[in-house]
2 protein chains.
Amino acid sequence: MDDHLTVGRLAELAGVTVRTLHHYDEIGLVTPSARTAAGYRAYAAADVERLRQVLTYRRLGFGLREVAELISDPRADAVAHLRRQRELLVGQREQAAALIAAIDKELEARAMGIKLTPQEHLEVFGTDKVGGEWAAEARERWGDTDAYQVSQRRTASYTKEDWTRIKAEADAVRDGFAEALRTGLPASGARAMDLAERHRQHISQYFYECGYPMHRGLADMYLADPRFTGHYESAEPGLAQYVHDAFHANADRHQPAG
Amino acid sequence: MDDHLTVGRLAELAGVTVRTLHHYDEIGLVTPSARTAAGYRAYAAADVERLRQVLTYRRLGFGLREVAELISDPRADAVAHLRRQRELLVGQREQAAALIAAIDKELEARAMGIKLTPQEHLEVFGTDKVGGEWAAEARERWGDTDAYQVSQRRTASYTKEDWTRIKAEADAVRDGFAEALRTGLPASGARAMDLAERHRQHISQYFYECGYPMHRGLADMYLADPRFTGHYESAEPGLAQYVHDAFHANADRHQPAG
DNA sequence: CCTTGACCCTCACGTGACGTGATGGCGCAT
DNA sequence: ATGCGCCATCACGTCACGTGAGGGTCAAGG
C-alpha cells in the first residue's frame with residue numbers, strides 16, 4: 001500500500017474524479033494492476049503512466065474507444081506517442097492562434113468603425129470547423145497514407161528538416177522580392193511575377209492547393225494581418241504592398257479577369 | 001428565401017450537422033427567426049451571427065446552458081464577447097504550448113537516455129487539470145474585474161501599433177545578434193550578453209515576467225522549435241545556436257549556478 | 001404534368017462519458 | 001465500539017447530440 005495508490009489519491013493527483021477512474025476500470029481502459037484484500041483498487045506506477053497517456057489523448061479530443069486503440073497500438077512506442085501528441089497539440093495551438101487572429105481582425109475592424117463583410121465573418125466558421133474536427137481529420141489522415149500527403153491542407157507531420165527547407169524557401173522568396181524592390185523593378189514585372197509564381201507553387205506543394213484566386217486572397221491577407229505584414233516590412237519598407245501587387249499581377253497573367 | 005438560409009446550408013457553412021441546428025432550435029439556443037410556409041427553418045443573418053457566437057463559446061469548453069447565459073448577458077456587447085473569447089483562446093493556446101513544452105522536454109530527455117523523475121511526469125497532470133477546467137477558472141476570474149487587468153500574463157489586447165513596435169524590437173535584436181556573429185564576437189562576450197539582456201527585458205515588458213531561468217528555457221526552446229529556429233537561422237546560419245549560448249551566458253552573468 | 005432525387009419536417013430511441021445518489025463494507029483513531 | 005472518512009458496487013440521470021423511421025416539399029428534367 002506504499003507504492004500503490006488508491007482511487008482517491010490517483011484521482012486527486014490526475015485531476016479527475018473517482019467516478020472517472022471507476023469508469024475507465026469498467027471499460028477496461030485503465031485497470032488497476034492489483035486489488036487489496038478488501039477489494040480496494042491499487043494503482044501501480046505503470047497504471048499511473050497509462051492513465052497519463054489516456055488523459056493526454058482524451059484532451060486531444062479522442063473518444064475513449066479510440067484512445068484504447070491508440071495506446072494499445074503495438075507498433076507505437078512511447079516516443080511515437082509523444083510525437084503524435086505533440087503534433088496534435090501543435091495543431092490545437094495553431095488553431096487557437098488562428099481564431100485569435102480572426103478575433104483581432106474583427107476587433108481592429110470595429111475599432112476603426114468598419115463592419116466586416118459576411119465573408120470575413122465566415123472565416124471563424126472555417127477555422128472552427130477545422131478545429132472542432134481536428135481529431136477526426138487526424139484520424140482520417142492516419143487511415144490512408146496515400147491521399148494523406150496529397151490532399152491535406154495543413155502541415156501534417158513535417159520533420160524538422162522539412163520545416164527548415166520550407167522556411168529557407170520562404171525566406172529566399174522574400175529576399176528575392178526585397179532585392180527586386182530595391183533595384184526598382186516594377187511589381188508587375190517579369191521578375192516579381194516569377195517570384196510570386198514560385199511562392200504560389202511553394203505553398204501548393206507544402207501546405208495546400210493554392211490556386212490563383214486563393215493566392216490573391218493571401219496577397220490581401222499579407223496586407224491585412226500585421227504579423228504577415230511585419231514579415232515583409234521588416235525586410236524592406238513597402239515590401240508587403242509590393243508583394244501584394246506582384247501576387248495579383250501574377251494571378252492576372254495566368255488567370256485574367258480577377 | 002434569398003437572404004435566409006435553410007438548415008442544410010447553414011450547417012455546411014458552419015461546419016456542424018443539421019441535427020445540431022435542430023437541437024439548438026429545440027432548446028431555444030439558436031432559433032431561426034422565420035419559417036417558410038412549408039415549415040422550413042429560415043435563418044437570417046442575425047441568426048447566423050448568433051450561431052457563430054454559440055459555436056465560439058462551445059469551442060471554448062462551455063456547456064450549452066452556460067453559452068445561453070453568456071450570450072444573453074445584457075451587460076455584454078459584441079466587443080466584450082470578442083475580448084472574452086480572445087482571452088480564453090489565449091489561455092488555450094498557452095495551455096497547448098505548455099503541453100508541447102512538456103512533451104519536448106520529455107522527448108529531449110529520452111533522446112539523451114535520461115528518465116525523467118516522477119515529479120516531472122506529473123507536470124502534465126498539472127497542466128492538464130488547469131486545461132480541463134479552464135472554463136471554470138475563467139468563470140471564477142470574472143467574478144472580480146479588478147484583479148483581472150492586473151494579473152493577466154499575456155498580450156491581452158495590444159493595438160496594431162504595439163505589435164509593430166514589438167516586431168521591430170524583436171527584429172532589431174535579431175539583427176544585432178546577426179551582426180555580432182558575423183563580426184566574430186563571442187556568444188559569451190559583452191555585446192552578445194547585452195543583446196540577450198535587452199531581449200529578456202523586451203519579453204518581460206510586453207509578454208510576461210521572464211526571469212533568467214525562464215530565459216534559459218526560451219534559449220533551449222529556440223533550438224527545439226523549428227519556427228523559432230528558422231527565425232534566427234534565416235538571418236544568419238548558426239545564429240540560433242549563437243543566440244542560445246548568449247542567453248545562457250547572460251543568465252550566468254546575472255544569476256550564476258545555472 | 002409528373003416523376004425523381006435532394007432536401008426538409010417531426011418524433012423517438014440510442015450513445016458516450018461520465019454525474020449523482022443509494023446502500024453497504026473497511027480502517028483507523030478516540 | 002463507535003464514529004468518520006474512504007472504499008465498493010449497482011443503477012438511474014444528464015448532456016449534446018447520433019441515427020434512423022416515416023412522411024412532406026421543391027426544383028429540374030423528361
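As the structure is a computational prediction, the values presented were derived from the model and not from experiment. Computation of the quantities below employed the complete heavy-atom set of this structure, encompassing side-chain atoms and omitting hydrogens, waters and symmetry-equivalent molecules. Lettering of chains follows the sequences in order, A, B, ..., and the numbering in each one begins at 1.
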Within a radius of less than 6.0 Å around CZ of B/Arg65, do more than 12 heavy atoms belonging to other residues, nucleotides or ligands occur? no
Spacing between [X] atom [atom1] and [N] atom [atom2], to the nearest angstrom:
| X | N | atom1 | atom2 | result |
| --- | --- | --- | --- | --- |
| A/His4 | D/dC6 | NE2 | P | 21 Å |
| A/Ile27 | C/dC18 | CD1 | C1' | 10 Å |
| A/Leu10 | D/dC7 | CG | P | 11 Å |
| A/Leu5 | D/dC6 | CG | C1' | 15 Å |
| B/Arg9 | D/dT25 | CZ | P | 20 Å |
| B/Tyr57 | D/dA16 | OH | P | 17 Å |
| B/His23 | D/dT19 | NE2 | P | 15 Å |
| A/Leu21 | D/dC7 | CG | C1' | 13 Å |

Measure from the side chain of B/Ala38, starting at C-beta and using heavy atoms only, and say which of C/dC18, D/dC26, D/dG18 lies closest. D/dC26
Enter the distance from A/Leu70:CG to A/Leu64:CG here, rounded to the nearest 0.5 Å. 11.5 Å
Atom CG in B/Asp25, atom OG1 in B/Thr20: separation rounded to 0.5 Å? 12.5 Å
For nucleotides 9-13 of chain D, print each protein N/O atom paired with a nucleotide N/O atom at under 3.5 Å, atom names and distance only.
residue: D/dT9; atom: OP1; partner: A/Arg35; partner atom: NH1; Å: 3.1
residue: D/dT9; atom: OP1; partner: A/Arg35; partner atom: NH2; Å: 3.3
residue: D/dT9; atom: OP2; partner: A/Arg41; partner atom: NH1; Å: 2.9
residue: D/dT9; atom: OP2; partner: A/Arg41; partner atom: NH2; Å: 2.5

Is any side-chain N or O of [X] closer than 4.0 Å to OP1 or OP2 of [N]?
| X | N | result |
| --- | --- | --- |
| B/Thr36 | D/dT25 | no |
| B/Arg65 | D/dT14 | no |
| A/Thr20 | C/dG19 | yes |

Applying side-chain hydrogen bond (donor to acceptor under 3.5 Å, both in side chains), can you list everything that pairs with [X], at least two apart in sequence or on another chain?
| X | value |
| --- | --- |
| A/Thr31 | none |
| B/His23 | none |
| B/Tyr24 | B/Arg58 |
| A/Arg9 | none |

Regarding A/Val18, tell me which of base, sugar-phosphate or nothing describes its non-hydrogen contacts under 4.0 Å with the strands shown.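 Nothing, no heavy atom under 4.0 Å.
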Which is it for B/Arg41 and B/His4 under the side-chain hydrogen bond (donor to acceptor under 3.5 Å, both in side chains) test, yes or no, and what are the steps along the way? CA-CA 9 Å; B/Arg41 290 173 178 81; B/His4 285 302; over 6 Å; no
So, the side chain of B/Glu66 versus the backbone of B/Gly63: is there a donor-acceptor pair under 3.5 Å, distance only? yes
Any protein N or O atoms within reach of nucleotides 3-5 of chain D? Criterion: under 3.5 Å, listing atom names and distances.
none

Let me know, please, whether A/Ala37 or A/Tyr24 comes out on the 5' side of the other along DNA chain C by nearest nucleotide. A/Tyr24
